[in-house]
Amino acid sequence: MGTMLMLGFAGFMGILKIVLMALAAFGLVDAAFRREDAFRAADKQNKVFWLIVLGIALVVSYLFSILGILPIAGLIASIVYLVDVRPALKQVSGGGNGWGRRRGGSSSDGPYGPYNGGR
C-alpha cells in the first residue's frame with residue numbers, strides 16, 4: 001500500500017514538473033518572438049532580461065526537484081511574465097500574433113466578402 005502511494009506521489013510530482021517546464025518554455029518562446037521596443041514601450045524590463053530569467057527558470061525546473069526554492073522562484077518568474085508582462089506587450093504592440101483577430105472590414109463580412117442578407 002505504501003509503495004503505491006509513493007508511486008502516485010512521484011507521478012504527480014513528475015506531472016507538476018512538466019507543467020512548470022511548459023510554463024517556462026512557453027514564456028521563453030513568447031518573449032523570444034516579441035519585439036525589443038515593445039518591452040521598452042510597455043515600461044517592463046528589456047527583452048534580454050526576460051529571456052535570461054525565463055531560460056534560467058526552464059533549466060532550474062528541469063534540473064532540480066520541484067520541492068526546492070529555485071523551481072518555485074522560476075515558477076513565480078514564469079507567472080509574472082505570463083500574467084503581467086505578456087498582456088502589457090500585447091496591448092502595446094496592438095494585439096498578439098494575429099490569430100483570431102479581424103484585419104479590417106465590416107462586422108457583416110464573411111470569410112469570402114460582405115454578407116448582404118440574400119439581397
Side-chain angles (χ1 to χ4, degrees):
M1 179 75 172
T3 57
M4 286 179 42
L5 186 61
M6 289 303 291
L7 284 175
F9 182 71
F12 174 73
M13 295 303 279
I15 290 172
L16 204 55
K17 186 173 187 166
I18 290 171
V19 168
L20 260 63
M21 289 173 51
L23 279 175
F26 176 76
L28 183 64
V29 170
D30 185 71
F33 284 106
R34 300 284 175 183
R35 295 186 350 228
E36 171 68 35
D37 59 341
F39 286 87
R40 285 179 299 204
D43 198 27
K44 301 296 176 187
Q45 292 288 334
N46 60 9
K47 181 177 182 174
V48 175
F49 172 82
W50 282 109
L51 289 175
I52 290 171
V53 166
L54 293 169
I56 290 172
L58 180 62
V59 170
V60 162
S61 65
Y62 176 72
L63 291 178
F64 293 102
S65 170
I66 206 166
L67 298 175
I69 190 74
L70 291 176
I72 293 172
L75 172 66
I76 291 170
S78 299
I79 290 173
V80 166
Y81 178 80
L82 293 175
V83 173
D84 182 40
V85 177
R86 187 171 185 258
L89 295 175
K90 286 175 80 171
Q91 184 179 18
V92 166
S93 62
N97 54 8
W99 294 96
R101 190 176 53 173
R102 297 190 71 87
R103 298 191 189 274
S106 172
S107 63
S108 64
D109 282 355
Y112 305 110
Y115 177 71
N116 60 10
R119 292 183 260 168

Handout entry: Nearest-0.5 Å distance, CG of residue Leu16 to CG of residue Leu75
Key = 8.5 Å
Exercise for the section: Check whether Ile69 and Val80 end up in the same hydrophobic cluster, where Ile, Leu, Val, Met, Phe, Trp and Tyr are linked by side-chain heavy atoms less than 4.5 Å apart. Expected result: yes
Problem - Residues that Val60 engages under side-chain contact (heavy atoms from CB on, under 4.5 Å), provided they are two or more places apart - result: Ile56, Phe64, Leu70, Pro71
Exercise for the section: Kindly give the heavy-atom pair with the smallest separation between Glu36 and Asn46, and that separation in Å. Expected result: OE2-CB, 3.5 Å
Handout entry: Heavy-atom closest contact (Gly27 atom, Leu82 atom, distance)
Key = CA-CD2, 4.3 Å
Practice task
Check side-chain contact (heavy atoms from CB on, under 4.5 Å) between Leu67 and all other residues, then give those that pass, not counting sequence neighbours.
Solution key: Met13, Ser65
Problem - Qualifying side-chain hydrogen bond (donor to acceptor under 3.5 Å, both in side chains) pairs with a residue from residues 66-85, counting only residues at least two apart or across chains - result: Asp30-Tyr81, Lys44-Asp84
Handout entry: Minimum heavy-atom distance Ser93-Arg34, with the two atoms named
Key = OG-NH1, 4.1 Å
Exercise for the section: Look at the side-chain heavy atoms of Ile, Leu, Val, Met, Phe, Trp and Tyr, link any pair under 4.5 Å apart, and say whether Phe49 and Leu58 land in one connected group. Expected result: yes
Problem - Worked check of side chain to side chain contact (heavy atoms under 4.5 Å, CB included) between Val92 and Phe39 - result: CA-CA 9 Å; Val92 166; Phe39 286 87; over 6 Å; no
Fill in the blank from the handout: Taken to the nearest 0.5 Å, the spacing of Met21 CE from Leu28 CG works out to 12.0 Å
Problem - Heavy-atom closest contact (Lys47 atom, Ala32 atom, distance) - result: NZ-O, 3.0 Å
Problem - Co-membership, hydrophobic cluster, residues Val83 and Leu89, 4.5 Å side-chain - result: yes
Exercise for the section: Treating Ile, Leu, Val, Met, Phe, Trp and Tyr as nodes and any side-chain heavy-atom pair under 4.5 angstrom as an edge, say whether Val59 and Ile79 lie in one connected cluster. Expected result: yes
Handout entry: Set of residues satisfying side-chain hydrogen bond (donor to acceptor under 3.5 Å, both in side chains) with respect to Arg35, sequence neighbours excluded
Key = Asp37
Practice task
Decide whether Leu23 and Ile15 are clustered together by the hydrophobic rule: side chain heavy atoms of Ile, Leu, Val, Met, Phe, Trp, Tyr closer than 4.5 Å, transitively.
Solution key: no
Fill in the blank from the handout: Going by chain and number, the hydrophobic cluster around Val29 (ILVMFWY, side chain to side chain under 4.5 Å) further includes Phe33
Exercise for the section: Kindly write out the residues that satisfy side-chain contact (heavy atoms from CB on, under 4.5 Å) with Ile72, not counting sequence neighbours, or none if the list is empty. Expected result: Ile76
